[in-house]
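Report on the structure given below.
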Amino acid sequence: MTAAPNFDAIVIGSGMSGMYQLYRLRELGLTTRVLEAGTGVGGTWYWNRYPGARFDSESYSYQFSFSKEMLDEWDWSEHFAGQPETLRYLDRVADKYDLRKDIQFRSRVKSAHWREADRQWVVGLEDGTSYSCRFLITAVGPLSAPTMPNIPGVDSFAGESCHTARWPHEPVSFVGKRVAVIGTGATGVQTIQEVAKTAKSLTVFQRTPNWCAPLLNSKIAPAEMAEIRANYPAMFQRCLETFSCFLHTPDLRKTFEVTDQEREAFWEKLYASPGFGIWLGNFSDMMTDRAANAAISDFVANKIRQRVKNQAVAEKLIPKNHGFGTRRVPMETKYFEVYNQDNVKLVDINETPIERITPTGLTTSDIEYEFDSIVFATGFDAITGSFDRIDIRGTDGQRLKDRWSHGPETYLGTMVDGFPNMLMLMGPHMALGNIPRSIEHNVDWVTDLMRHARDRKIVRIEPTPQEVKAWTDHVKELGMGNLLFEVNSWMTGVNTNVEGKQVRIVNRYSGSAPAYRARCDAVAASGYQELALAQ
Ligand code: N01
């Protein structure tokens with residue numbers, strides 16, 4: 001005799017994927033509880049309140065498409081909306097669909113253990129409470145486990161300090177302050193641009209420069225918003241057809257197929273166009289042909305040289321150990337011009353390493369700096385990190401963290417053998433791309449599977465080891481030849497601040513989003529024959 005679970009489904013996280021999954025599970029009539037560590041919805045957009053945080057993708061292409069009412073009523077004020085506007089949008093979605101009544105806030109999940117006897121997950125919270133559920137759906141986000149740098153004395157600073165993904169809800173002023181920013185990824189770049197406007201002094205500690213490109217954001221006037229809205233069906237259709245669901249998609253030509261003049265003109269146009277075009281809409285061989293990649297890298301390097309007055313500083317800002325686009329390209333708004341300001345200093349910590357953080361600032365190999373504030377823009381234990389932080393145990397007590405110690409193994413990025421009834425949203429081996437578009441497909445697929453299970457009284461779902469191996473091998477093969485997988489970054493699972501994460505792995509699906517969806521849809525159409533389903 002076994003007891004019924006507390007819930008049909010528990011969803012961990014109330015970011016965009018958790019919110020939409022809740023909405024869909026309610027439609028199925030499944031009792032669902034969302035457990036959320038924060039005090040509000042929005043995930044990434046709830047936590048990352050750092051100065052300058054904003055979309056790098058066109059706002060309208062990054063919203064939910066499932067709700068016609070929201071599409072009709074929500075006006076975006078900028079082509080690339082700032083974090084406050086995006087969070088207001090997500091709050092509005094939560095209000096409209098009364099999502100909060102099934103979300104338990106301030107509830108950080110510490111453990112999730114599978115109990116084979118009654119085919120339930122037991123989910124434990126930090127405060128000691130626990131709940132049982134039939135299905136466990138992780139909506140924990142690929143970039144949600146922030147990491148502090150492994151610098152001696154990191155906790156000793158007595159002034160204001162914060163990781164960008166743990167930014168306070170109250171406004172933080174840098175007016176008249178001596179500020180340090182450590183980290184120059186997409187987050188650091190956005191933060192630096194903003195802090196430089198008001199700080200008395202800003203010292204940027206850079207370990208690896210990144211290839212940044214102009215965002216070219218602008219306001220959306222009401223008439224333009226009406227045009228954008230009228231085009232929504234075509235726009236969402238385009239997103240379904242492009243390689244990574246973005247509005248931008250590679251140009252079919254190859255770099256050296258065109259004349260030198262045509263190539264220059266094309267790159268000039270991309271550099272002067274808003275958004276990710278220069279990264280995602282470039283020649284089709286940019287990420288696979290070394291000579292092609294070197295050519296676009298030279299083009300962008302020259303732009304940096306033109307924009308930064310001091311050529312010694314410009315050279316420090318030009319990446320030397322990886323080519324353009326092989327790491328996520330941070331989108332910038334006058335980022336390089338910041339280094340022309342008298343109040344800004346760039347420190348290359350390869351030349352003068354940070355030795356320790358002190359109560360009053362930090363010490364490099366040559367200088368003792370004093371600061372009022374230190375901003376840690378030091379990134380995330382990406383993709384698997386948010387899973388590792390939960391003690392997830394499957395059949396026979398197997399720990400997911402151990403199972404993935406040499407890299408993730410998944411079935412379609414959504415399931416793992418040995419972890420029955422665990423469904424992952426935006427997990428490893430997923431087509432990330434334009435994340436909201438991927439989320440909507442991922443959630444709809446999981447929802448269809450839940451419907452299938454509900455209608456047939458299926459209480460146990462597990463992929464076979466053969467299918468997990470086949471998908472994992474497929475994902476690894478797709479990565480071969482892509483220059484991105486030859487470079488250390490969160491996209492290849494490397495984080496120097498996390499033990500055991502110094503070796504590159506394939507943690508993301510790098511095929512096309514349409515191919516990924518077609519594979520998933522075929523599985524559903526077959527009645528999930530590849531899965532072991534039990535009543
Ligand atoms: O993190 P990162 P991020 N000592 O890992 C440095 C998304 N995003 O938060 O490169 C010194 O890219 C580290 O140096 P290095 C986007 O997908 C989206 O910036 O490892 N430095 C690097 O410079 C993005 O790619 C948007 O040598 C240390 C930085 O910290 C992803 O989030 C906006 C260090 C970390 O950069 C992650 O971006 C922002 C140490 N010990 C972000 N440890 C939008 O679209 C780390 N660093 C709106």
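As the structure lists them, so they are numbered: ligands from 1, and atoms in each ligand from 1.
Considering backbone and side-chain N/O atoms, Tyr50 never comes within less than 3.5 Å of an N/O atom of ligand 1. The distance criterion of under 3.5 Å between nitrogen or oxygen atoms is met by Ala377 with respect to ligand 1. Between Thr187 and ligand 1, at least one N/O pair is under 3.5 Å apart. Of the N or O atoms in Thr496, none lie within a sub-3.5 Å distance of an N or O in ligand 1. An N or O contact shorter than 3.5 Å links Arg207 to ligand 1 by distance. Considering backbone and side-chain atoms alike, Ala186 places an N or O below 3.5 Å from some N or O of ligand 1. For ligand 1, the polar-atom distance check against Asn210 finds no nitrogen or oxygen pair separated by under 3.5 Å.
Under the rule for a side-chain hydrogen bond (donor to acceptor under 3.5 Å, both in side chains), Asp155 has no partner lying at least two apart in sequence or in another chain. Take Asp289 and apply the side-chain hydrogen bond (donor to acceptor under 3.5 Å, both in side chains) test, not counting sequence neighbours, and it matches no residue.
With contacts defined as side-chain heavy-atom distances shorter than 4.5 Å, the pair Gln63/Tyr232 qualifies.
The part of Ile349 lying near ligand 1 is the side chain, judged by heavy-atom distances below 4.0 Å. Counting heavy atoms under 4.0 Å from ligand 1, residue Leu143 touches it through the side chain alone.
Listed by atom number, the atoms of ligand 1 under 4.0 Å from Arg54 heavy atoms are 44 (C), 48 (C). Short contacts between ligand 1 and Gly183, defined as distances under 4.0 Å to a heavy atom of the residue, involve ligand atoms 6 (C), 23 (O), 29 (C), 30 (O). Listed by atom number, the atoms of ligand 1 under 4.0 Å from Phe380 heavy atoms are 9 (O). Less than 4.0 angstrom separates some heavy atom of Trp45 from each of these atoms of ligand 1: 48 (C). Atoms of ligand 1 found under 4.0 Å from any heavy atom of Thr208, numbered from 1 in the order shown, are 10 (O), 15 (P), 27 (O). Annotation for ligand 1: atoms under 4.0 Å from non-hydrogen atoms of Pro149 are 40 (C), 41 (N). For ligand 1, the atoms lying closer than 4.0 Å to a non-hydrogen atom of Asn150 are 41 (N).
Within the 4.0 Å heavy-atom cutoff, Met491 does not count among the residues contacting ligand 1. Residue contacts with ligand 1: Phe80 is excluded, as none of its non-hydrogen atoms falls under 4.0 Å.
No cation-pi contact links Arg238 to Phe236, judged by a cut-off of 6.0 Å to the six-membered ring centre and 45° from its axis.
For atom 24 (C) of ligand 1, the closest non-hydrogen atom of the protein is Trp490 NE1, 3.5 Å.
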